[in-house]
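Each remark here refers to the structure printed beneath this line.
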Amino acid sequence: MPSSIVSELAEIVGAAHVLTDPDTTARYTTDWTGRWHGRATAVVRPADTVEVARVLEVCHRAGVAVVPQGGNTGLVGGSIPMHGEIVLSVTRLDRIEDPDPVGHTLAAGAGVTVARAQDAAREAGLIFGIDLAARDSATLGGIVATNAGGVRVIKYGDTRAQLLGVEAVLSDGTVLTRWKALRKDNAGYHLPGLLAGSEGTLGVVTRVLMKLHVPPSHSYCALVGVRTVGAAPALVDLLRRAGLTIEAAELMTDAGMRLVRRHRALRAPLRIEPPYYLLVEVSGPADTEGLLLGALERASDLVLDATVDDERGRRLWSYRDSHTEAINAASSTPPVKLDITTPLAAVESFVDTLTHTLATEFPHARPILFGHIADGNVHVNLLDVEPGQALPVTGRVFELVAAHEGSISAEHGIGRSKAPWIHLARSAVDIEVMKAIRSGVDPTLTLNPHILPAR
Ligand code: FAD
Ligand code: 2HG
Ligand code: ZN
């Protein structure tokens, strides 16, 4: 790598925003789970799109690889430079433009956090439709690049479904702007949709235009103890048929709840300790609470015990929101984090087979399962896995996912940790088309060259 590049970059963004000291760069070169420890020639922190473009132009000309980074909360190692790349951090692109109260849109810089976008929408009497426990650090550029899901997909869809426009800088410094606040616009390929989920390989997202939503007038949360995994989607179905809208539906297990309660010193939420918990948030007309209670009462064959909380139910949500953090704290090794989906009808069989397979073939791996049950999305976390067992156990879980017609990545992406198994999710032709798109847009493989299939 040419040594002059660091001074060239400093000329563009200012010396204070080119970090090279390993102590200072450590938080950019280690992932949230502690599994990936990389190294960067420099971390560059441009202030705006023009600076991002000039940084990329310089790196492209010098043949230096760049890893785009937002809040560094990704769970598949995609934001970590493992080969001395330049990290391009967008966190200084943090300007929120006014939400449009008529068109229901929000325009903001890629470095704005999800929590700030939520606050801005709320102040305008609207809702930002992506919510996830990493909200205080995850950025809008990051949620676009990973096509993040989260707990409101069931109501509003994933990030791609809510992305109207995007500004991104291509690997050679060219700025691509697809920016129309239109709900309908079929003029050619949907490039924002292509950038969504591209994991920093097609462009550096610098600005996003997202849909906002009208908040429901009445909403309630219930935490319900159930006997089986299958009871959770069955209950969700009953609530829908009772005339309620599902805002979120999350599955947790007894083991996960115990971990969280210990980690956060929380009391047991129910009078019993059931094998599974369904946290469900519903909305509807003025008598939403009555409709919810009535439906739970009628479903006495599925409901072991339940507690209801009022609007937004933060008390109940804290059990769910704390899972990822509690898992990281409890595992003696970086947890193996797998994020899978199966068709809804196959979730119970997948969980049963998985539990049996792990107990017999990997008895030392401690599984904690939870997830967005209405999407068929189960987060499989394996604690205390010895380093030599991480790859074999991952491969085994993915075999079971494939056997259940599922996907090896529901929402976190492929990144580094799942790249060896992409053939289980995509056909050879599919992979070739993805490579062709990538080499068309970034022929020199400047952007995040070591993740996703490249050549
Ligand atoms: P980073 O981690 O910085 O980057 C992630 C990927 O995007 C990398 O490949 C990076 O190169 C690329 N990238 C980042 N910014 C840009 C940009 N501006 N332009 C181009 N590429 C870029 N994910 C979910 O989907 N659903 C959840 O419910 C969820 N919950 C989480 C809870 C916790 C506690 C944690 C730690 C993580 C969770 N995640 C979840 C994962 C993570 O928060 C998301 O993937 C998020 O979208 C990453 O945003 P980020 O800004 O941190 O991106
Ligand atoms: C969530 O749903 C995230 O909270 C993180 O996707 C999942 O920690 C995990 O495995
Ligand atoms: Zn999730």
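Just so you know, residue 1 is the first one in the sequence shown, and it goes up from there. For ligands, and for the atoms within them, numbers begin at 1 and follow the listed sequence.
- A salt bridge links Lys435 with Glu432: the closest approach of a Lys/Arg side-chain nitrogen to an acidic carboxylate oxygen falls below 4.0 angstrom.
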Write none if no such pair exists; otherwise list each N/O atom of ligand 2 with its protein N/O partner under 3.5 Å and the distance.
{"unit_1": "ligand 2", "atom_1": "2 (O)", "unit_2": "Arg320", "atom_2": "NH2", "d": "2.7"}
{"unit_1": "ligand 2", "atom_1": "2 (O)", "unit_2": "His372", "atom_2": "NE2", "d": "3.0"}
{"unit_1": "ligand 2", "atom_1": "2 (O)", "unit_2": "His379", "atom_2": "NE2", "d": "3.0"}
{"unit_1": "ligand 2", "atom_1": "4 (O)", "unit_2": "Arg320", "atom_2": "NH1", "d": "3.1"}
{"unit_1": "ligand 2", "atom_1": "4 (O)", "unit_2": "Arg320", "atom_2": "NH2", "d": "3.3"}
{"unit_1": "ligand 2", "atom_1": "6 (O)", "unit_2": "His379", "atom_2": "NE2", "d": "3.0"}
{"unit_1": "ligand 2", "atom_1": "6 (O)", "unit_2": "Glu411", "atom_2": "OE2", "d": "3.0"}
{"unit_1": "ligand 2", "atom_1": "6 (O)", "unit_2": "His412", "atom_2": "NE2", "d": "2.6"}
{"unit_1": "ligand 2", "atom_1": "8 (O)", "unit_2": "Thr324", "atom_2": "OG1", "d": "2.7"}
{"unit_1": "ligand 2", "atom_1": "8 (O)", "unit_2": "Lys337", "atom_2": "NZ", "d": "2.9"}
{"unit_1": "ligand 2", "atom_1": "10 (O)", "unit_2": "Asn381", "atom_2": "ND2", "d": "2.9"}

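- Taking the six-membered ring for Trp and thresholds of 30 and 60 degrees, His83 and His450 have ring planes inclined between 30 and 60 degrees apart.
- Expressed to the nearest 0.5 Å, how far CG of Asp98 lies from CD of Glu123 amounts to 10.5 Å.
- If you look at Val90 next to ligand 1, the close heavy atoms, those under 4.0 Å, all belong to the side chain.
- Classified by interplanar angle (parallel below 30°, tilted 30° to 60°, perpendicular above 60°), the ring pair Trp421/Phe398 is perpendicular.
- Contacts of Asn448 with ligand 1, taken as heavy-atom pairs under 4.0 Å, involve the side chain alone.
- Residue Thr146 touches ligand 1 through its side chain alone, judged by heavy-atom distances below 4.0 Å.
- Between Arg135 and Asp119, no side-chain nitrogen of the basic residue sits less than 4.0 Å from a carboxylate oxygen of the acidic one, so the salt-bridge criterion is not met.
- Looking only at distances, no side-chain donor or acceptor of Asp136 sits under 3.5 Å from a matching main-chain atom of Thr113.
- Here the side chain of Asp31 pairs no donor or acceptor atom with the backbone of Asn72 at under 3.5 angstrom.
- A donor-acceptor pair under 3.5 Å links the side-chain atoms of Asn377 to the main chain of Ile340, judged by distance alone.
- Under 4.0 Å from ligand 1, heavy atoms of Thr139 appear from its side chain as well as its backbone.
- In terms of polar-atom proximity, Leu132 is not counted as a contact of ligand 1, lacking any N or O under 3.5 Å from an N or O of the ligand.
- At a heavy-atom cutoff of 4.0 Å, ligand 1 is contacted by the side chain of His412 but not by its backbone.
- Between the Asp442 side chain and the Gly203 main chain, no donor and acceptor come within less than 3.5 Å of each other.
- Ordered by chain and number, His372 NE2, His379 NE2, Glu411 OE2 make up the set of protein N, O or S atoms under 2.8 Å of the Zn ion (ligand 3).
- For the ligand labelled ligand 1, residue Gly203 lies inside the 4.0 Å heavy-atom shell.
- Atoms of ligand 1 lying under 4.0 Å from any heavy atom of Thr324, numbered from 1 in the order shown and given with element: 34 (C).
- Taking a cut-off of under 4.0 Å to the non-hydrogen atoms of Gly78, the atoms of ligand 1 that pass are 8 (C), 9 (O), 11 (O).
- Using 4.0 Å as the threshold, Gly149 has a heavy atom nearer than that to some atom of ligand 1.
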